[in-house]
K.L.:
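Below you'll find the structure I mean.
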Amino acid sequence: MPLAAYPLRADILKIKSGTNADGNPQEEYETHLSGVPVWFETARGREFWEAKGLHAETVGRIRLRYIKGITADMRLALNGRTFGIIPPINNAYERNRELILTVKEVI
C-alpha cells in the first residue's frame, strides 16, 4: 500500500519511570513528543492459530523525520490507535534524516 500524500500527526509516548504500590514497574506512558508528522503504511496483517484460538496481528511501517532518542520501548499514538515499536529501528542509510519504524498495534 503506498504512503499517504500528506503526513498524519502522531504522539510519541515514553514509559513513566517509577513503581506502583506493590513495587512493580509501572505500565503507564506519558507524552514525549506531540504532533509529530508521520507517514503510515500497512505492511501486512497476519493471522495464526494458537491453542484453538485465532489471533490477529496488525503490523505496519511508520516513516518519520529523524528524531534523536527514539527507542524500542516507546509507543506511538496515531488516530486513536496505539502502536508499539518492533526493534530494530531503521535509520535510513545511516544519514540521520529519516526513521523507518516497524510497529505492531497494542490492544
Side-chain angles (χ1 to χ4, degrees):
M1 184 176 256
L3 295 172
Y6 57 91
L8 302 170
R9 299 290 175 167
D11 294 336
I12 298 176
L13 311 172
K14 68 176 181 178
I15 196 161
K16 286 184 180 178
S17 59
T19 57
N20 60 15
D22 297 331
N24 297 321
Q26 289 183 352
E27 286 293 325
E28 295 179 15
Y29 287 81
E30 62 187 0
T31 303
H32 178 63
L33 295 171
S34 181
V36 177
V38 299
W39 289 264
F40 180 78
E41 114 183 69
T42 303
R44 62 194 168 274
R46 67 180 184 178
E47 299 175 340
F48 57 95
W49 293 89
E50 182 179 312
K52 296 184 181 181
L54 179 65
H55 302 277
E57 185 176 277
T58 303
V59 178
R61 287 196 181 94
I62 292 181
R63 294 175 178 258
L64 65 147
R65 293 185 78 58
Y66 179 81
I67 299 173
K68 185 177 182 178
I70 300 295
T71 59
D73 63 344
M74 292 182 170
R75 292 185 175 178
L76 283 90
L78 178 65
N79 290 340
R81 298 164 66 185
T82 304
F83 296 92
I85 300 171
I86 300 172
I89 295 174
N90 184 357
N91 180 359
Y93 304 108
E94 299 299 323
R95 292 184 179 172
N96 294 344
R97 292 185 180 177
E98 178 183 31
L99 292 176
I100 302 170
L101 307 175
T102 304
V103 295
K104 181 171 125 177
E105 188 165 11
V106 177
I107 299 174

K.L.:
Work out which heavy atom in Gly69 is nearest to a heavy atom in Met74; give both atom names and the distance.
P.N.:
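The answer is O-CE, 3.5 Å.
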K.L.:
State plainly whether one hydrophobic cluster holds both Leu78 and Ile100, where clusters connect Ile, Leu, Val, Met, Phe, Trp and Tyr through side-chain heavy atoms under 4.5 angstrom apart.
P.N.:
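They do not share one cluster, since no chain of ILVMFWY contacts under 4.5 Å joins Leu78 to Ile100.
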K.L.:
Checking Glu94 now: which residues fulfil side-chain contact (heavy atoms from CB on, under 4.5 Å) with it, not counting sequence neighbours?
P.N.:
Asn91
K.L.:
Rounded to the nearest 0.5 Å, how far does OG1 of Thr71 lie from CG of Asp73?
P.N.:
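Reported to 0.5 Å precision, the distance equals 3.5 Å.
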K.L.:
Look up atom CD in Glu41 and atom CD1 in Ile62, then write down how far apart they are to the nearest 0.5 Å.
P.N.:
10.5 Å
K.L.:
Transitive ILVMFWY cluster of Tyr29 at side-chain heavy atoms under 4.5 Å: who else is in it?
P.N.:
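Members besides Tyr29, by chain and number: Leu13, Ile15.
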K.L.:
Who else is in the cluster with Val106 when I, L, V, M, F, W and Y are joined by side-chain contacts under 4.5 Å?
P.N.:
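When side chains under 4.5 Å apart are linked, Val106 ends up in no cluster with other residues.
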K.L.:
Give a yes or no on whether Ile89 and Ile86 share a hydrophobic cluster (residues Ile, Leu, Val, Met, Phe, Trp, Tyr; joining criterion: side-chain heavy atoms under 4.5 Å apart).
P.N.:
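Per the 4.5 Å side-chain linkage, Ile89 and Ile86 are not co-clustered.
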K.L.:
Return yes when atom CZ of Arg65 has more than 12 non-hydrogen atoms of other residues, nucleotides or ligands closer than 6.0 Å, and no otherwise.
P.N.:
no
K.L.:
Could you note down all residue pairs passing ring-ring contact (aromatic ring centres under 6.0 Å, His included) where residues 73-107 supplies at least one of them, sequence neighbours left out?
P.N.:
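Non-adjacent pairs meeting ring-ring contact (aromatic ring centres under 6.0 Å, His included): Phe40-Phe83.
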K.L.:
Going by the rule side chain to side chain donor-acceptor pair (under 3.5 Å), which residues pair with Ser34 if we only count those two or more places apart in sequence or in a different chain?
P.N.:
Asp11
K.L.:
Could you name each residue pair satisfying salt bridge (charged side-chain N to carboxylate O under 4.0 Å, His left out) that touches residues 18-34, not counting sequence neighbours?
P.N.:
Lys16-Glu28
K.L.:
Can you pull the salt bridge (charged side-chain N to carboxylate O under 4.0 Å, His left out) pairs that have at least one residue in residues 96-107, sequence neighbours excluded?
P.N.:
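Qualifying pairs, neighbours excluded: Glu57-Lys104, Arg63-Glu98, Arg81-Glu105.
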K.L.:
Going by side-chain contact (heavy atoms from CB on, under 4.5 Å), name the residues that satisfy it together with Ile67, two or more places apart in sequence or in a different chain.
P.N.:
Ile12, Leu33, Val36, Leu64, Ile70
